[in-house]
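Please read the structure below before turning to the comments.
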Number of protein chains: 2
Amino acid sequence: MSITLPSETVFHSIEKAIKEYRKFSQKNISNQIEDLTIDQGMVLLFLDKHSELTQKEIAALVFKDNASMTRMINLMVNKKYLKRSMNTIDRRRFTIELTAKGKEVLETLPPIILSNREKSLEGISKEEMIQLETILKKIAANCEKSE
Amino acid sequence: MSITLPSETVFHSIEKAIKEYRKFSQKNISNQIEDLTIDQGMVLLFLDKHSELTQKEIAALVFKDNASMTRMINLMVNKKYLKRSMNTIDRRRFTIELTAKGKEVLETLPPIILSNREKSLEGISKEEMIQLETILKKIAANCEKSE
DNA sequence: CAAATATAGTTGATGTATCAAGCATAAAGG
DNA sequence: CCTTTATGCTTGATACATCAACTATATTTG
C-alpha cells in the first residue's frame with residue numbers, strides 16, 4: 001500500500017512549527033532568566049491572572065497530566081517561585097501563590113514572550129492568523145469527536 | 001505588564017491540534033496493532049521507502065535526537081520489527097532493515113494512518129491545507145532563522 | 001602520511017512524562 | 001445520617017527524552 005511519508009504531511013509541519021517555536025522561545029528565555037522553562041513560565045502567567053486555578057486546571061492549560069503538574073509545582077516551590085498552602089474551603093485543594101521571586105520573574109518574562117510571539121509570527125497577516133486558528137481548531141475537533 | 005495568556009494564542013492551538021491528532025492516531029493504531037507507538041510506526045514507514053537512511057536521518061524525520069533514536073531502534077530490534085547489521089562501506093554506520101514482522105505491520109498500518117489523516121482533516125479544503133502549510137512553514141522559518 | 005577534525009552511533013546521568021494505585025476530602029443518594 | 005461515588009492531589013514504577021562524554025571510524029589538511 002502506497003502512502004505519503006509522514007514528513008510530507010501537514011502534521012509534520014505542525015509538529016515542526018511548534019517545536020521550533022518552543023526551542024526559539026526557550027533560548028530567549030534562558031538568555032535572560034536563570035533556570036526557568038517555558039512551561040514553568042506559562043504556569044506563572046496563568047497563576048498571576050487566575051490565582052484560584054487548581055493544579056488540575058493548570059495542567060490542562062499547559063497540556064500535562066495531574067501527576068506531572070504535582071511534580072512541576074513541587075519543583076517551582078523548591079525553586080521559590082511558588083508557595084503552596086491549604087485551601088480552607090475545600091481541603092482537597094491547594095491554594096497556589098506566587099512568591100516575591102515569582103512576581104519578580106513576571107517583570108522580566110512578559111516582554112520576552114511578547115517578543116518571541118511577534119518575531120515568530122512576522123510576515124503573517126491578521127487574516128492568515130484567523131485562517132490558521134480556524135483550521136487548527138477543526139483538526140483538534142475532528143480528532144476529539146471520535147473519542 | 002499585560003500579556004495575552006498562552007491559552008489564547010495560536011501556539012496553544014497548534015499544540016492542541018498536534019496533541020489531539022497524536023492521541024487519536026495512537027488510539028486507532030493500538031486498536032489493531034499490539035504494542036506499536038506512532039513514532040515506531042513512522043520509523044517503519046520511512047525505512048520501507050528509504051532503506052539507506054542513517055539513524056541520525058531517521059531521528060531528524062521524527063524530531064528526536066540521536067540518543068533517543070539509538071534506544072528506539074534497540075527497542076524495535078528487541079521487538080523483532082527491525083534488524084541491524086554493519087554497513088560494509090562506512091563502518092561507523094548501521095544498515096537497518098525491516099524483518100518479516102516489520103513488513104507484516106506494513107500491511108496493516110498504512111490504511112490506519114490514511115484513515116487517521118482523512119478523518120482528522122475532514123471538512124478542510126484543499127486551499128485551506130495549502131494556507132495552513134504555508135503559514136506553519138513561515139512560523140518555523142521565523143524561529144529557525146534567529147539561531 | 002600523520003595529526004586534526006568530523007561524523008555515526010552509544011552510554012550514563014539526569015530530568016520529565018505517564019499510568020495505575022492510593023489517600024483524603026467532598027458531594028450525592030438511599 | 002451513612003454509604004457510595006466523585007474529586008483533587010500524591011506516589012511509585014516505568015518509560016522516554018536530553019545532554020554531555022565517549023568510542024570507533026572516516027575525512028581533511030598541512
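Reminder, nothing fancy here: chain letters follow the sequence lines and each chain counts from 1.
In this model, the phosphate group of dA26(C) is not approached by any side-chain N or O of R92(A) to a distance below 4.0 Å at OP1 or OP2. The side chain of R91(B) contributes an N or O atom lying less than 4.0 Å from OP1 or OP2 of dT25(D). Side-chain N/O atoms of R84(A) include one lying less than 4.0 angstrom from OP1 or OP2 on dT10(D).
Side-chain atoms of K16(A) never come within 3.5 Å of backbone atoms of A140(B) as a donor-acceptor pair (strictly under, hydrogens ignored).
Summarising the geometry, the separation between CZ on R93(A) and C1' on dT25(C) is reported as 13 Å, rounded to the nearest angstrom. Across the protein-nucleic acid pair, E15(B) atom CD and dA17(C) atom P stand 11 Å apart, rounded to whole Å. The distance from atom CG of N74(B) to atom C1' of dA17(D) is 15 Å, rounded to the nearest whole Å. The separation between N87(A) atom CG and dC9(D) atom P is 9 Å, rounded to whole Å. Between the P atom of dA15(D) and the CD1 atom of I38(B) lies a distance of 19 Å, rounded to the nearest Å. As rounded to whole Å, 7 Å separates atom P of dT10(D) from atom CD1 of I73(A).
Using a 3.5 Å distance cut-off with no hydrogens or angles, the side chains of E133(A) and S13(B) do pair a donor with an acceptor.
I58(A) comes within 4.0 angstrom of nothing in the nucleic acid, heavy atoms only. Within 4.0 Å (heavy atoms only), T54(A) reaches sugar-phosphate atoms of the nucleic acid but no base atom.
Checking L75(A) against I96(B), the closest nucleotide of DNA chain C that is more toward the 5' end is the one next to I96(B). Nearer to the 5' terminus of DNA chain D, by closest-nucleotide assignment, is the contact made by D90(A) (compared with the other of Q40(B) and D90(A)).
Classification of E15(A) and R22(B) as a salt-bridged pair holds, one side-chain N sitting under 4.0 Å from a carboxylate O. Between K119(A) and E122(A) there is no salt bridge, since no side-chain nitrogen of the basic residue lies less than 4.0 Å from a carboxylate oxygen of the acidic one.
T88(B) meets the side chain to side chain contact (heavy atoms under 4.5 Å, CB included) test with no other residue; sequence neighbours excluded.
Across dT10(C), dT25(C), dC9(D), the shortest atom-to-atom separation from the side chain of K56(A) is found for dC9(D).
Within a 6.0 Å sphere centred on NZ of K19(A), other residues, nucleotides and ligands contribute more than 12 heavy atoms.
Within the structure, ring pair (Phe, Tyr, Trp, His ring centres under 6.0 Å) contacts touching residues 31-59 of chain B (residues at least two apart or in different chains) do not occur.
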Margin query: Across nucleotides 18-23 of chain D, 5' to 3', mark each nucleotide with B, S or - according to how protein heavy atoms within less than 4.0 Å reach it.
Written below: BB----
